[in-house]
Every structure is written in structure tokens, then in C-alpha cells.
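Inspection log for the structure reproduced underneath, given as C-alpha cells.
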Amino acid sequence: EVAKWQSATSPPRHFATLLTMTQSNPSHIRVNSLTAVPERQPTFLAIGSFDGVHLGHQALIRQMVEAARAAYARPAVLTFFPHPKRVIQNLTDRYYLTTLDDRVALLAGLGVELIITHPFDETVRTTRAETFVMQLCHYLDMRQLWGGNFALGYNREGDVPFLRMLGQKLKYEVRLADQMVSWDGGLVSSSRARHSLASGRVRDVTGCLARPFHMRGRVVVGDKRGRTLGFPTANLEVWDELLLPGNGVYATRAWLNGQPYGAATNVGIRPTVDGTKLRIEAYLLDFSGDIYGTELRLDFLERVRPELRFDGLDALKAQISRDVAAVRAIYAREPLASPIPP
């Protein structure tokens, strides 16, 4: 999952270029399997999981889209869901950096015209590489295959030399990334972003993705303890396969009905009140109102502190006051922004 291409400059702090990247592409087509592609036409294809659609993915896909347009071909992506590692390694914990719908929206924002969310199951896992590539050519009229130093097919037998040899027979080219994308002195990859997120280092995740990590969910009824402390929180119900930031308090930007609010968000089990269930609770600054059942989006900007146990509710309330002050200061430094799609 290590991305290729060396970034000429660091990602802009305010992510101005990302607004261009994520302009809507209403003409894109999404299908849920290769066999559902509605029309066979000359196609340049990038294939992979693309979880997070990070800087390296963005560089690869931008170049593919540009090359496809120059050749009057259709730029397309085949992205696997579930993630192959979830199937091969039987992973059950939270894993993904983005929901599948968000992944599709980000890919469409890069100019991809056809997005195939192909199911990865035991049948796909055991399909021989030549068979799978022949299917790509049959359903897509694939003219170029783009990716990093990748391999596909059963036991990853379809490595780059194999794919190039097969391309001579099936009349397609293999185009590879030839440089690494780096951020803050390290290579960008989905694995790095996951590790940083799980460790609470959301600024590093922002650098890798060129946008803040975000989650969205429905506001559900909690135990209303925050209200008794003077800090009523919105409890979020989010997708149970989405990876969460490490337990702690975060400065976040909350989007409610298209309006931004600074928010102090706690991710954790609330040890001071002997909690056991992981919760996501956001205290929206300078907001009051009933929002139960409403969708809320949180962009994670910076970690304020790890989750701690306090000696009683008075000590917890005093710490929450300090946390809110810290969040206000962080949020005041953040540029005003529209929500970066999706």
C-alpha cells in the first residue's frame, strides 16, 4: 500500500488544492462489479483498494486521468470492497479510513468517470491472474493498467513482469508509479495513516490524506451525563468498520446542516464514570438545540490530550472546561473552510 511518486512540495496547510481535486463529477458511473459495466470502450484503469484516497493515490489517479483524456479514453478505477486483507487475514476489528461511499466520492472528484466497487471474496481471491486480466479486457476494453508495484490474482502471481508479458498478448500497457510520495519525512501509505490515526496523531493523518480525517454519523440518545456537567454532547453512531482515532479529546470541526462549529470531541470509554462502551461525544461550541436523529460530520483537527481517569465529577468538569478552552484556541487558528467533500 505504499504510494508512489515524490511530492514536489509539501501539501498546502490550508488544502487549497484539494478543493479543486474534490470538485463534483456528476457524470461518473458507479457499478458494484466488473460484470455490471454498462458499456465497453477504450479504458485506462487503476486498480487497488485506495482506502483513504491518500496523497499517493491522488497523484496516481490524477496522472491516469490526464493520460486517459489525452488519449480520448475512459479513466476508470476498480476498487475492492471489502479490503483484501479483511478477507485473506480474517480481520474483524475496525479498519477503514473511509466509508465506501466516501471513497467513491473522492475518486469521482479526481475526475474518474467509471468506478467499479468490485467485491473481494473467496472467488476473487482464488481467481488466477490471467483470468482476471482477461475479464478486465473483455468488460472494459482496457488499454492501460495503472498502479504501484502491485500484484494481483491468486497468490499474487500477477506481478509486474507477468502483467507486462500478458499485456503484449492482450494489447494493453502497464503504467507504474516511479517515485515515492513523502510527507513530513516519511512515506505516505494507508498503513501509515491507520497507525497514526489509531495513535491519535491526527495532524499526521491530515498530512497523508491532504484533508482532515472525518467521520459522520447519526446523533443518538446517550446517558445525558454531559448535560448535568454543563457540557451537553452529541453522541454519534458511526459505521462499525470505520477506524477511530485513539482514545482522547480532540479539537474538531462539526458540520451540522451545512454549518461549521468548533467542537470538543471525546473518543473513549469515559473511565471516570466507569464506562465500558466506546463512545464518540462532541460538545459543539456556541450551539444549543435538539439534534437527535440528525447526521453530524466531524473533521478531526488536533488531539488535545489522551483519555484520563479523574477523581470524581468535579475534577472531570474542571478538566472539560480546560479542554474546551484549548479547543477554542485551536479552532480559532484553523482557516474558515467549506467541508472538503465527501
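Sequential numbering from 1 along the given sequence is applied to the chain's residues. Just so you know, these numbers use all the heavy atoms, side chains as well, and skip hydrogens, waters and symmetry mates.
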field: Pairwise distance CZ(R164) to CG(D159) - rounded to 0.5 angstrom
entry: 10.5 Å
Close side-chain approach of V249 to E307, heavy-atom, < 4.5 Å: no
query: Is the backbone N or O of L242 less than 3.5 Å from a side-chain atom of R94, with the two atoms forming a donor-acceptor pair by type?
result: yes
message: Are the side chains of C208 and W183 in contact, using a 4.5 Å heavy-atom criterion?
response: yes
E302 side chain to T252 backbone, donor-acceptor under 3.5 Å: no
Steps toward side chain to side chain contact (heavy atoms under 4.5 Å, CB included) verdict (L97, L197): CA-CA 9 Å; L97 295 166; L197 184 65; 4.1 Å; yes
message: If hydrophobic clusters are built by linking Ile, Leu, Val, Met, Phe, Trp and Tyr wherever their side-chain heavy atoms come under 4.5 Å apart, do L278 and V221 end up in the same one?
response: yes
message: Within the structure provided, determine whether R218 and E237 are in side-chain contact (heavy-atom separation under 4.5 Å).
response: yes
message: Please identify which of these residues, I116, V53, T117, meets the side chain to side chain contact (heavy atoms under 4.5 Å, CB included) condition with T79.
response: T117
message: Is the shortest side-chain heavy-atom distance between V304 and Y250 below 4.5 Å?
response: no
query: Do you know which of F50, F80, W239, F213 makes ring-ring contact (aromatic ring centres under 6.0 Å, His included) with Y96?
result: W239
message: I want to check something: taking the side chain as every heavy atom from C-beta on, are W255 and R216 in contact at a cut-off of under 4.5 Å?
response: no
- prompt: Does the R253 side chain pair with the main chain of L301, one donor and one acceptor, at a distance under 3.5 Å?
  reply: no
message: Tell me which one of L296, T265, V267, V220 satisfies side chain to side chain contact (heavy atoms under 4.5 Å, CB included) with L236.
response: L296
query: So, F81 versus H118, ring centres under 6.0 angstrom or not?
result: no
message: If you define the side chain from C-beta out and look only at heavy atoms, does anything of H57 sit under 4.5 Å from R103?
response: no
field: For D323, the option from K317, R328, R305 that meets salt bridge (Lys or Arg N to Asp or Glu O under 4.0 Å)
entry: R305
message: Rounded to the nearest 0.5 Å, what separates atom CG in N235 from atom OG1 in T233?
response: 4.5 Å
- request: Give a yes or no on whether Y154 and L145 share a hydrophobic cluster (residues Ile, Leu, Val, Met, Phe, Trp, Tyr; joining criterion: side-chain heavy atoms under 4.5 Å apart).
  value: no
message: Measuring from atom CZ of F120 to atom CZ of R86, what distance do you get when rounded to the nearest 0.5 angstrom?
response: 13.5 Å
field: Any R40 side-chain heavy atom under 4.5 Å of Y139 side chain
entry: no
query: Looking at V77, V133, L78, which hits side chain to side chain contact (heavy atoms under 4.5 Å, CB included) with I47?
result: L78
task: Dump the intermediate steps for salt bridge (charged side-chain N to carboxylate O under 4.0 Å, His left out) on D141 and R74, then the final yes or no.
output: CA-CA 10 Å; D141 189 11; R74 172 175 57 187; over 6 Å; no
Charged N-O contact under 4.0 Å between E157 and R128: yes
message: Between R30 and V104 (side chain of the first, backbone of the second, donor and acceptor by atom type, cut-off under 3.5 Å), is there such a pair?
response: no
task: Examine distances only and state if a side-chain atom of D290 and a backbone atom of Y292 form a donor-acceptor pair shorter than 3.5 Å.
output: yes
task: State whether D204 and R192 are salt-bridged, where the test is any N-O pair (Lys NZ or Arg NE/NH1/NH2 against Asp/Glu carboxylate O) under 4.0 Å.
output: yes
message: Just so I know, are the side chains of H28 and L114 near enough to count as touching, which here means a heavy-atom distance under 4.5 Å?
response: no
